[in-house]
Amino acid sequence: MSVGSSDRPPDPVGRVLDAIEELSLWGGWASAVCIASILGLIVAEVVGRNLFNVSLYFAWEFSAYLMGAAFLLGSAYALRAGAQIRVNVLLENVPKPVARFFDLFSTVCGIAIAAYLTWALGEMTWFSWLRESRSPEKSEILRWITQFPLALGSLLFTLQAIARLGRLLRGEPGDDASLRIGQDIE
């Protein structure tokens, strides 16, 4: 079983939730590749300038694209792991039914916001593809190529937020702390 599985046999809904969480894991890996690529571009730029007096004109532009892609592609995994910034002071100081209500309510609000972001980024990418828009920078890369990872990452985040709601409604934890890397800072 995958990322979000439990000890009980998977039912159809559980399989869908597990599949979404597997996609989120792949988004996390794609995010890590983006971050490693940024490192490679910056190192190449520094080495090129200092050793060969040559600048990679595209390094900063592509680093910015990769940063946006890393942020959104990794957001679904961060949501599943419970690694996003969240203020628990309210949830920890109210009765459990009230905390559950707030958790469900905030998840539904998050789904609405994420769905709108997905729609907006998808539409922007689609229009860039139709119009064959290009970057105003020297690379003149087609904009849809750099916008597609943003729309995909937003879609993954929306799906993960829906899966989180599904887990909460099933009485399961919305977060999986075992997926976190490192220690929580108190």
Side-chain angles (χ1 to χ4, degrees), residues 1-6 14-45 58-88 91 103-104 106-126 128-129 135 139 141-168 172-186:
M1 294 187 196
S2 66
V3 178
S5 61
S6 63
R15 281 195 283 267
V16 170
L17 297 177
D18 287 348
I20 291 171
E21 289 160 6
E22 190 68 28
L23 289 173
S24 295
L25 178 63
W26 281 101
W29 281 109
S31 176
V33 168
C34 289
I35 292 169
S37 298
I38 293 169
L39 174 65
L41 281 170
I42 300 304
V43 168
E45 172 68 12
F58 58 86
W60 295 107
E61 176 188 6
F62 283 28
S63 292
Y65 297 144
L66 288 166
M67 180 56 71
F71 170 75
L72 281 172
L73 288 170
S75 63
Y77 183 82
L79 179 62
R80 178 62 183 140
Q84 74 282 2
I85 296 172
R86 182 169 142 178
V87 180
N88 286 327
L91 297 177
D103 206 7
L104 287 168
S106 63
T107 300
V108 169
C109 290
I111 291 168
I113 293 167
Y116 177 75
L117 180 64
T118 300
W119 174 79
L121 289 172
E123 185 178 53
M124 178 181 69
T125 304
W126 175 251
S128 292
W129 182 74
S135 166
S139 72
I141 189 170
L142 289 167
R143 282 196 170 173
W144 74 265
I145 294 171
T146 61
Q147 294 166 346
F148 180 74
L150 303 177
L152 178 61
S154 182
L155 176 62
L156 289 175
F157 183 75
T158 302
L159 290 173
Q160 185 59 57
I162 293 167
R164 183 179 198 287
L165 179 63
R167 294 265 183 222
L168 291 173
E172 300 172 9
D175 304 335
D176 186 352
S178 70
L179 299 175
R180 291 185 193 148
I181 299 171
Q183 300 275 334
D184 285 340
I185 299 173
E186 294 289 330

Could you walk me through whether L156 and S75 pass the side-chain contact (heavy atoms from CB on, under 4.5 Å) test, one step at a time?
CA-CA 8 Å; L156 289 175; S75 63; over 6 Å; no

Residue pairs passing the side chain to side chain donor-acceptor pair (under 3.5 Å) test with at least one member in residues 26-35, sequence neighbours excluded, are none

Between Q147 and M124 the two heavy atoms that sit nearest each other are OE1-O, 3.5 Å

Inter-residue atom distance D18.CG - L23.CG, 0.5 Å rounding
11.0 Å

If every non-hydrogen atom of G174 is compared with every non-hydrogen atom of R164, which pair is closest and at what distance?
O-CG, 3.8 Å

Do R80 and S24 get their side chains close enough for a donor-acceptor pair, meaning under 3.5 Å?
no

Can you see which heavy atom on Y77 is nearest to which on L179, and at what distance?
OH-O, 2.9 Å

Under the 3.5 angstrom rule, does the side chain of T125 hit a backbone N or O of W144 as a donor-acceptor pair?
no

Separation between CZ of F157 and CD1 of I113, rounded to the nearest 0.5 Å
9.0 Å

Applying salt bridge (charged side-chain N to carboxylate O under 4.0 Å, His left out), run through R167 and D175 and close with a yes or a no.
CA-CA 9 Å; R167 294 265 183 222; D175 304 335; over 6 Å; no

Distance in Å, R143 CZ paired with S135 OG, rounded so as to fall on 0.5 Å steps:
6.0 Å

Spacing of T158 atom OG1 and L117 atom CG [to the nearest 0.5 Å]:
7.0 Å

Distance from L155 atom CG to L72 atom CG, nearest 0.5 Å?
11.0 Å

Could you measure the distance from the CD1 atom of I38 to the CD1 atom of I42? Nearest 0.5 Å is fine.
7.5 Å

Give the C-alpha distance, both sets of side-chain angles, the deciding distance and a yes or no for side-chain contact (heavy atoms from CB on, under 4.5 Å) between L142 and I145.
CA-CA 6 Å; L142 289 167; I145 294 171; 3.9 Å; yes

When you measure from the side chain of S154 to the backbone N and O of L150, does any donor-acceptor pair fall under 3.5 Å?
no

Can you name the closest pair of heavy atoms from L41 and L66 and give their distance?
CD1-CD1, 3.8 Å

Search all heavy atoms of E61 against all heavy atoms of I141 and return the closest pair with its distance.
OE2-CG2, 4.1 Å

